[in-house]
Amino acid sequence: MLESLQQLCLKYPSKHRAIVTFLANTLREEGAFEFKRSIVNSIISLMKQVPETTEGSLLHLCEFIDDCEYTMLSTHTIHTIAELAPMTSAPSQYIRFIYNRVILENSTIRAAAIAALSKMAASCPSLRTSIMTLLKCSLNDEDDETRDRATVAVSVLKDAIAFNPYVAPVVEEYGDVVPDVPSEGDLAALIYIQPFPMSFKNLERSITAYVSGPGAMDSADELTFSSLPIMEDTYQDEVLTNGHHLAAGFDPTPTNGEVRNPAACIYAIPELADLGRVFRSSTPISLTEEETEYVVKCIKHILDEHVVLQFIIQNTVDDQRMENVVLDIESDSGTSYAIIGDVPAEMVEYGKTVSAFTVLQRQTVESMQPVCFSCQLNFNVVQVDSDSGEPLGDVYTEEYPLENLLITPSDYMAKIGVADFRQAWNGTDDRNEALGKFTLPVKALEHAVSSLIQSLGMVPCDGTGEFPGGDSSDRKQHMLHLAGKFLGGHEVLARAQLTVRPGEGTLLRVAVRCDDKAVSVAVMSCIN
């Protein structure tokens, strides 16, 4: 029912008041936690998809937290109000609803209310003095968490007001809408609004990868977030589900639980380490069947000017030993990539896994298109005794064809999400936007979404990669938000609308934004 109401509101936005009012009235009725959480999430979802519902919906949520008996749901709703209220025409009207929670509720909700007020003060400089007065009332709260949050907030706001005092703008200069936003470099905005560049878990992994890189400890350069290696948001899940452990020198689940850098095998070879730092590494791609005598997988390591192909070779023939193993690859577009070197695998014994490497000079972004490589394994076969492993003297040359290998612009895309997709999208110049309209042969909406995510190599934002209730069988339309970071540090955003057309497949409308037009066009080419 809730999903049907959301779809109805999206189809008829002018009827949002009636639909939101019905949801709010239902929210006031008796119900279990899951029931009320679903309604709250539906209202929040509508606010993000239909901005006209924001102010009315926020007032309904403010009334709801007055009588909500579920602590977790109250804190979630309070933080939502604090996040969206500064975008309304009168943010100050929501302060009293939040502050009432400080007076009347338990310690957990009081701490959440203090954090919400602090965020609102950071977002709206005109309200800082008033909110700071309210926060001072909690400096002697009996709860440690509430008291500490209030103490930090008061200290931060005092410094922010001292360094950037609020000066009311002249109304005539702006008309009816007077901007109330923090200035650039504002301390309170830096602490309470701007998201941390990465999670602490990814920060630890990034620093570990940085230290293992070539010449890292000898560099006199300042260590900044921009100088740290990229750590993808979904990298560890991909590792554990796609068999990265076959890579020589890389074990994702060692005994101490530490996740190692997949590019460590590149840095361990001096000739490859001189190429520079690896931007990202793909998950392994199978070039043979698992049951064949020679099992080969490939990992694509992306560098600033090169692509290093790591071919992971496993010998499953007990009476053979592979020697001088090299990969012979050839592209269907002769000028796209240039093969400038390789590192052969000297010996691959039965049951062993060894890596061979091929170095490519990559193409420019302006000419970047998907390129298909034909691959062949060339090596010498040494017949050995299956029991002792001793050579029997017979040596011959073998050529073993592999599956084709595809390199696309999505291989240059790191899966890095954004905290607020809507804000990031509106803050990106649309002059570098690339637009596309396609008909996908996929009839199921869920398969179309997963296929698009895989093709672009980006990560879903705002939960748009999943469907409410986990079922998409009855849905005919879906909006997908994607984000990523392209080689060179270019942030890429994509909005895709997918519509199922019975008997015709799925209609896809997609817009890609980036600070570089060539990158937007290259990303769009992944769909073609």
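Note that the structure is predicted; figures quoted are calculated from it, not measured.
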Which residues pass the side-chain contact (heavy atoms from CB on, under 4.5 Å) test with S410, sequence neighbours left out?
T408, C526
Any salt bridge between K297 and E290, counting N to O under 4.0 Å?
yes
F357: partners by ring-ring contact (aromatic ring centres under 6.0 Å, His included), with sequence neighbours left out
none
State whether the number of non-hydrogen atoms from other residues, nucleotides or ligands found under 6.0 Å of Q497 atom CD is greater than 12.
yes
Salt bridge check, R422 against D420: does any charged N sit closer than 4.0 Å to a carboxylate O?
no
With a cut-off of 6.0 Å (strictly less than), are more than 12 heavy atoms of other residues, nucleotides or ligands near CD of Q376?
yes
Any residue meeting ring-ring contact (aromatic ring centres under 6.0 Å, His included) with F373, in chain and number order, not counting sequence neighbours:
Y337
Any side-chain to backbone donor/acceptor pair from S57 onto T54? Under 3.5 Å, distance only.
no
Apply the side-chain contact (heavy atoms from CB on, under 4.5 Å) test between Y412 and each candidate in K300, H490, K485, R362; give the one that qualifies.
R362
With sequence neighbours excluded, what pairs up with L190 under the side-chain contact (heavy atoms from CB on, under 4.5 Å) test?
Q194
Side-chain donor or acceptor of T428 paired with backbone N/O of A424 under 3.5 Å
yes
Test side-chain contact (heavy atoms from CB on, under 4.5 Å) applied to V521 - qualifying residues, sequence neighbours left out:
K517
If the condition is ring-ring contact (aromatic ring centres under 6.0 Å, His included), which residues does H301 pass it with, not counting sequence neighbours?
none
Taking M413's backbone N and O only, do any of them form a donor-acceptor pair with R280's side chain (distance below 3.5 Å, no angle check)?
yes
Expected output: side-chain T506 to main-chain T499 donor-acceptor under 3.5 Å
no
